[in-house]
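Below: the structure, in structure tokens.
In the text below, chain A, chain B and the rest are named by the order of the sequence lines, each starting its count at 1.
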Amino acid sequence: MSDFDGAAMSRFVSTFADRLHERREELTQLDSAVGDADHGINMDRGFSAARAKLAELGEADLGTMAKTVGMTLISTVGGASGPLYGTFFLRLSTSLGERDAASTGELGAALRAALDGVQQRGKAIADDKTMVDALLPAVEAFDAASGDGIGPALAAAAQAAAAGRERITPLVARKGRASYLGERAMGHPDPGATSTTILFESLRDAVAAD
Amino acid sequence: MSDEPRVGIVVVSHSAALAAATVDLVRALANVDGGGPRLVAAGGMADGATGTDAARIADAIAAADAGRGVVVLADLGGAVLAAQLAASELIDPERRALVRVSGGPLVEGAFIAAVQAAAGDAVDAVAQAADEAGSLRKLGDAS
């Protein structure tokens with residue numbers, strides 16, 4: 001398995017955009033139970049725009065590609081997911097820098113930086129029932145499996161994200177609009193943890209498709 | 001009113017109409033025309049949709065900055081995150097030290113910030129006044 005390069009980054013963003021579009025209604029349904037019913041629409045709009053901007057950008061280093069995605073999300077998503085996913089990609093950008101390809105360890109460091117950025121921006125910790133509950137275990141699983149190479153590390157990350165999303169479904173939310181619902185949010189899957197799970201599944205499949 | 005620059009104020013809302021109307025209201029009530037603080041609205045998305053856009057907020061901060069910094073008021077949830085992203089990562093790095101995102105309420109916070117800024121206060125004092133607007137007792141001291 002080769003390093004994570006610009007073609008893999010393009011496939012990742014494109015795959016994620018496709019899946020957000022396909023699952024737009026599902027995400028909106030989840031968000032209508034606990035939020036303002038815009039997560040599916042906002043994410044679909046943002047990542048469709050990001051994919052188009054990447055196509056316009058053409059060949060570029062990984063940092064420039066990730067920055068293009070982040071800045072597009074900031075200006076097109078509209079809800080809280082804009083600054084959060086925007087920060088995720090801006091931190092990937094800073095960490096990946098001018099590299100044309102990243103090793104498994106470099107990708108892991110970039111994902112860790114992205115996690116730190118999302119936590120710094122949203123102030124969420126584990127069990128607040130947010131995207132962090134999928135993102136944090138995914139990054140930890142990636143690190144733990146990185147010795148096996150990028151494919152197995154991303155497979156472990158995607159599995160951990162999905163498990164994290166399942167794990168918090170029974171909880172009361174402590175951040176965002178869902179937190180106003182108190183116990184009424186119990187049993188509802190979190191929309192942000194769901195989209196983050198789709199992100200890691202897209203990343204896994206984009207790299208496996210190489 | 002002296003010609004000394006004032007701390008600027010940015011009003012961020014998911015709604016372009018609400019941000020613009022808040023600025024108009026504050027300008028009228030706080031009587032800050034002429035040499036007063038710059039008040040800039042950053043509401044809605046570029047295409048008119050409901051939401052917040054951190055890049056637009058960053059542009060508004062730059063427009064509001066007359067040299068003594070900017071206090072940003074935001075309405076709800078994602079607007080605060082977008083304002084913090086704009087203030088900490090998107091604006092010119094050398095301007096960041098003089099930008100504050102207030103946790104105060106939109107209308108009261110913007111009003112009090114405008115009054116303090118018009119009086120010539122520095123950015124920290126203006127931000128503190130905006131923050132404290134949240135604990136004002138509208139109904140007086142009766143418990």
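Taking the side chain as every heavy atom from C-beta outward, A:S75 and B:M45 never approach each other to under 4.5 Å. Using a 4.5 Å heavy-atom threshold, the side chains of B:E89 and A:R91 count as touching.
Of the inter-residue distances, the one linking B:D47 atom CG with A:R45 atom CZ reads 6.5 Å to the nearest 0.5 angstrom. A:Q120 CD to B:S88 OG: the interatomic distance, rounded to the nearest 0.5 Å, is 7.0 Å.
The minimum heavy-atom distance linking B:A54 with A:I74 is given by the pair CB-CG2, 3.3 Å.
Proximity to chain A is absent for every atom of B:A46, based on heavy atoms less than 4.5 angstrom apart. With a 4.5 angstrom heavy-atom cutoff, A:S81 does not touch chain B via any of its atoms. Heavy-atom distances place no part of A:L73 under 4.5 Å from chain B, backbone and side chain included. Only the side chain of B:L90 comes within contact range of chain A, with heavy atoms under 4.5 Å apart.
Residue A:Q29 qualifies as open at atom CD: its count of foreign heavy atoms under 6.0 Å is 12 or below. The number of heavy-atom neighbours closer than 6.0 Å to CD of A:Q159, taken from other residues, nucleotides and ligands shown, is 12 or below. Annotation: B:Q128, atom CD; neighbour count of heavy atoms from other residues, nucleotides and ligands within 6.0 Å does not exceed 12.
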